[in-house]
Amino acid sequence: MNYRQQFAEEIYTHLQGLSKVEEINALIEEPKYNTHGDLAFPCFTLAKKLKKAPQQIAKELSTKIDASFLEKTVAEGPYVNGFLNKQIVSKQVIQRINTEKENYGSSAAGAGKKVTLDFSSPNIAKPFSMGHLRSTVIGNALANISEKYGYKAIRINHLGDWGTQFGKLITAYKQWGSEEKVRENPIKELFHLYVMFHEQAEKHPHLEDEARFWFKQLESGNEEALQLWKWFREESLKEFAKIYELLGIIFDSYDGEAFYNDKMDGIVQELKDKDLLSLSDGAEVVNLAAENMPPCLIKKKDGATLYATRDLAAAVYRSRTYHFEKSFYIVGQEQRLHFEQLFLVLQKMSYNWAASLQHVPFGFILKDGKKMSTRKGKVVLLEDVIKEAIDLAYQNIKTKNPELENKEEVAKMVGVGAIIFHDLKNERQNNIEFNLDEMLKFEGSTGLYVQYTHARACSILRKAPAKNNIAVSGLTDSYSWTVIKTLMDFPNVIEKSFQQAEPSVIAKYVLKLSQDFNKYYGQIKILADDTEQSSRLALVKSVAIVLKEGLRLLGVKAPEKL
RNA sequence: GUCCCAGUAGCUCAGCUGGAUAGAGCAACAGCCUUCUAAGCUGUGGGUCGCAGGUUCGAAUCCUGCCUGGGACGCCA
């Protein structure tokens with residue numbers, strides 16, 4: 001089924017050991033234009049070895065090559081272009097997908113090994129913003145992709161439930177808060193207090209000291225502080241649960257920063273024992289000057305810990321608990337330096353697994369070209385956006401398909417899918433300008449386009465005659481061939497997206513497959529009653545399987561009717 | 001000031017481990033529903049690949065410098 005490899009081997013047999021099979025394989029490319037065939041071998045590098053013109057080499061090679069999976073081989077300038085046998089290849093591809101079904105594209109590469117993924121990780125007492133959405137959907141997709149690649153994925157929601165922010169919150173609550181208001185609308189009121197703190201702290205700097213005091217109290221187990229913290233945390237978690245329910249995301253662990261509270265002394269002690277700590281302006285740091293990096297702050301001058309300390313404790317704990325092969329941190333690119341420091345410190349602590357940690361950074365969601373600031377209260381709430389998307393999807397369904405039975409359910413799949421897909425379709429490093437209209441578009445390169453295509457395929461399959469499965473004979477027209485070639489690519493796409501920790505690779509793939517299929521659909525009468533009907537239906541079935549599976553990996557549902 | 005990321009069609013982006021003629025979607029214009037879901041399809045127009053050098057048979061892709069935008073650079077996370 002790996003025709004590229006077969007092509008490489010075929011070429012190899014005619015080169016008398018001039019080049020290794022792997023080297024040939026690496027050179028083989030897919031021609032840009034389909035008039036150039038399906039596989040191309042450029043002869044430039046051979047030209048040097050043979051001291052012959054590449055055009056001449058291509059000519060000679062093309063006449064020698066002869067394999068059943070190839071229809072013909074043509075020399076085109078310095079290239080040897082191979083044309084696959086459409087009949088044989090399409091039959092194999094269609095049969096394989098219909099046999100393997102949703103397991104098509106799965107790999108055993110990660111079998112028996114674990115990956116941990118740290119993602120979503122919202123801050124308690126702050127609303128779930130658009131910024132957290134990115135970490136959440138990218139992380140979830142990467143977890144699915146890891147599983148597709150054979151790994152066991154462990155999804156960790158490293159809640160921001162500890163830190164100086166709670167000192168600020170407690171300070172603000174004691175100053176201006178009321179229990180009643182918080183009970184009524186927890187997140188909103190807590191966030192209001194948080195924003196208010198920052199406003200007031202600009203005028204009254206002593207508030208910052210008070211916040212530090214309260215966080216210190218919290219860390220040393222002050223009962224009043226602890227009670228407030230617990231309450232804030234519970235209320236926030238209830239709100240987050242709604243979002244995850246809407247997005248259809250589950251976690252294996254909600255162990256956040258507070259969970260590591262009792263593991264901090266151990267880490268600090270360990271750093272001391274390994275002689276890595278030094279004092280600097282009253283704070284305890286790991287000096288990284290030798291690595292050309294600013295020092296990593298471990299303890300503040302008041303003795304309270306910092307997030308680097310907690311991340312160190314978390315990494316060690318996860319390594320011991322899960323014995324991961326790889327550990328991903330899906331966190332914004334602004335924390336790049338932090339993770340470089342973190343990984344370096346772990347290396348200095350002589351943990352050999354430090355090399356398997358990987359920061360997966362992503363770009364910002366910008367507002368008017370600038371980063372959104374939580375502290376100033378400038379956030380767009382994810383829940384509002386999702387609700388708007390679902391509502392808009394519902395309106396569309398009502399006008400476009402009033403007959404549809406389960407409109408609410410489908411509207412949810414479409415609305416949520418639109419938001420997830422919009423986030424995942426571009427490279428994660430890119431910054432995104434927040435634009436609701438853009439997110440809620442239901443035409444062009446969108447999640448809905450893919451869902452629609454899938455529903456179309458399903459619709460045809462429903463209308464297919466209930467004949468017993470007649471043997472698939474393969475298809476040779478150019479429209480099917482384009483679809484077949486894209487279908488063939490799916491396993492490579494999975495691998496690429498895993499290797500690059502890049503869900504957009506899959507998003508782009510399902511768009512391409514949808515596009516190919518829609519062109520096919522527009523040209524070929526699939527249900528025509530002729531000898532190739534069963535082959536066409538098997539092709540449609542293959543497309544439906546792969547689209548659904550591709551969307552599933554991204555975290556998007558694929559309704560059968562739209 | 002140092003470091004990181006980005007700059008490709010009017011807009012949003014692919015293409016970047018070097019390869020043949022730089023591609024999609026949106027927007028604009030012109031078409032296609034008595035025939036499988038028109039949320040679709042077909043066609044037209046639209047490009048100094050930020051700028052300048054360099055490496056190479058060959059550069060949007062690699063290297064250097066510069067310009068522009070965003071971000072990070074010790075007691076926030």
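A, B, ... follow the sequence lines: proteins, then strands. Residue 1 opens every chain. Treat the numbers as computed from the prediction; the structure is a model and nothing was measured.
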Pairwise C1' distance, B:rU48 and B:rG7 [rounded to whole Å]: 15 Å

Opposite nucleotide pairing with B:rC36, Watson-Crick or G-U, both atom distances under 3.5 Å: none

Sugar-phosphate, base or nothing in reach of A:L448, heavy atoms under 4.0 Å: base

Phosphate OP1/OP2 of B:rU12 contacted by A:K425 side-chain N/O (<4.0 Å): no

Any A:R336 side-chain nitrogen or oxygen under 4.0 Å from OP1 or OP2 of B:rC3: no

Any A:N430 side-chain nitrogen or oxygen under 4.0 Å from OP1 or OP2 of B:rA14: yes

Sugar-phosphate, base or nothing in reach of A:H36, heavy atoms under 4.0 Å: base

Nearest-Å distance for atom pair CD/P, residues A:E433 and B:rG69: 16 Å

A:K263 atom NZ: more than 12 heavy-atom contacts under 6.0 Å: yes

Side-chain heavy atoms of A:F119 within contact of A:I138, under 4.5 Å: no

Output field: ring centroids A:F128/A:F240 closer than 6.0 Å: yes

Strand partner of B:rC29, provided both Watson-Crick or wobble distances fall under 3.5 Å: B:rG43

Under 4.0 angstrom between A:K519 side-chain N/O and B:rU42 OP1 or OP2: yes

Whole-Å C1' distance, B:rA20 and B:rG1: 46 Å

Sugar-phosphate only, base, or nothing, as touched by A:Q335 at under 4.0 Å among non-hydrogen atoms: base

A:Y173 ring center near A:F232 ring center (under 6.0 Å): yes

Sugar-phosphate, base or nothing in reach of A:I124, heavy atoms under 4.0 Å: nothing

A:R456 vs B:rA38: side-chain N/O to OP1/OP2 distance below 4.0 Å: yes

Among B:rC26, B:rG23, B:rG40, the one nearest A:Y33 by side-chain distance: B:rG23

N or O in side chain of A:K32 less than 4.0 angstrom from B:rA20 OP1/OP2: yes

Sugar-phosphate only, base, or nothing, as touched by A:L562 at under 4.0 Å among non-hydrogen atoms: base

Sugar-phosphate only, base, or nothing, as touched by A:A528 at under 4.0 Å among non-hydrogen atoms: nothing

Touch class at under 4.0 angstrom, heavy-atom based, for A:S280 against every strand present: base

A:Q333 side chain, from C-beta outward: closest of B:rC57, B:rC5, B:rU37: B:rC5

Nearest-Å distance for atom pair CG/P, residues A:L39 and B:rA20: 16 Å

C1' spacing across the pair B:rA24 / B:rA9, given as an integer number of angstrom: 11 Å

Electrostatic pair A:D437-A:K441, nearest N-O below 4.0 angstrom: no

Sugar-phosphate only, base, or nothing, as touched by A:K525 at under 4.0 Å among non-hydrogen atoms: base

Glycosidic conformation of B:rC13, taking syn as within 90° of 0 and anti otherwise: anti

Nearest-Å distance once atom C1' is located in both B:rA77 and B:rA72: 13 Å

Side-chain N,O (A:Q165) to OP1/OP2 (B:rA77) below 4.0 Å: no

Counter-base of B:rC62, judged by Watson-Crick or G-U geometry with both distances under 3.5 Å: B:rG54

N/O (side chain, A:K441) to phosphate O (OP1/OP2, B:rA39) under 4.0 Å: no

Nucleotide of B:rC57, B:rC13, B:rA72 approaching A:N426 most closely (side-chain heavy atoms): B:rC13

A:H158 ring center near A:Y260 ring center (under 6.0 Å): yes

Nucleotide nearest A:I526 when distance is taken to its side chain, options B:rC36, B:rA38, B:rG74: B:rC36

Sugar-phosphate, base or nothing in reach of A:G522, heavy atoms under 4.0 Å: nothing

Residues A:R318 and A:D118 bridged, charged N to O under 4.0 Å: yes

Minimum-distance nucleotide to A:E29 side chain [options: B:rC75, B:rU21, B:rA20]: B:rA20

Matching residue for A:T309 among A:V345, A:L271, A:V268 - test: side chain to side chain contact (heavy atoms under 4.5 Å, CB included): A:V268

Under 3.5 Å donor-acceptor, A:E438 side chain and A:N435 backbone: no

Side chain of A:N518 (C-beta onward), nearest among B:rC41, B:rU35, B:rU21: B:rC41

C1'-based separation of B:rC51 from B:rA60 [nearest Å]: 14 Å

Watson-Crick or G-U wobble mate for B:rC3, both contacts under 3.5 Å: B:rG71

Touch class at under 4.0 angstrom, heavy-atom based, for A:L461 against every strand present: nothing

Candidate nucleotides B:rG25, B:rC57, B:rA39, ranked by approach to the side chain of A:Q515 - the nearest: B:rG25

Ring centroid separation A:Y307 to A:H338 under 6.0 Å: yes

B:rU12: pairing nucleotide in any strand, Watson-Crick or G-U under 3.5 angstrom: B:rA24

Touch class at under 4.0 angstrom, heavy-atom based, for A:F364 against every strand present: sugar-phosphate

Touch class at under 4.0 angstrom, heavy-atom based, for A:V540 against every strand present: nothing

Sugar-phosphate only, base, or nothing, as touched by A:N81 at under 4.0 Å among non-hydrogen atoms: base

Under 4.0 angstrom between A:T164 side-chain N/O and B:rA77 OP1 or OP2: yes

Rounded distance in Å between the C1' positions of B:rU61 and B:rU2: 28 Å

Selection from B:rC36, B:rC75, B:rG71 that lies nearest to any side-chain heavy atom of A:K300: B:rC75

Comparing A:I524 and A:Q429 on RNA chain B - which has the more 5′ nearest nucleotide: A:Q429

Phosphate OP1/OP2 of B:rA24 contacted by A:S445 side-chain N/O (<4.0 Å): no

5' precedence on RNA chain B between A:Y520 and A:N123 (nearest-nucleotide basis): A:Y520

Salt-bridge present (A:D530, A:R536; N to O < 4.0 Å): yes

Distance test, side-chain N/O of A:Y449 to OP1/OP2 of B:rC41, below 4.0 Å: yes

Closest to side chain of A:E427, choosing from B:rA38, B:rG15, B:rU21: B:rG15

Below 4.0 Å: OP1/OP2 of B:rC76 and any side-chain N or O of A:R212: yes

Any donor-acceptor N/O pair under 3.5 Å between B:rA77 base and A:Y307 side chain: yes

Nearest-Å distance once atom C1' is located in both B:rA28 and B:rC62: 39 Å

Sugar-phosphate, base or nothing in reach of A:E208, heavy atoms under 4.0 Å: nothing

Among B:rC5, B:rA77, B:rC75, the one nearest A:E257 by side-chain distance: B:rA77

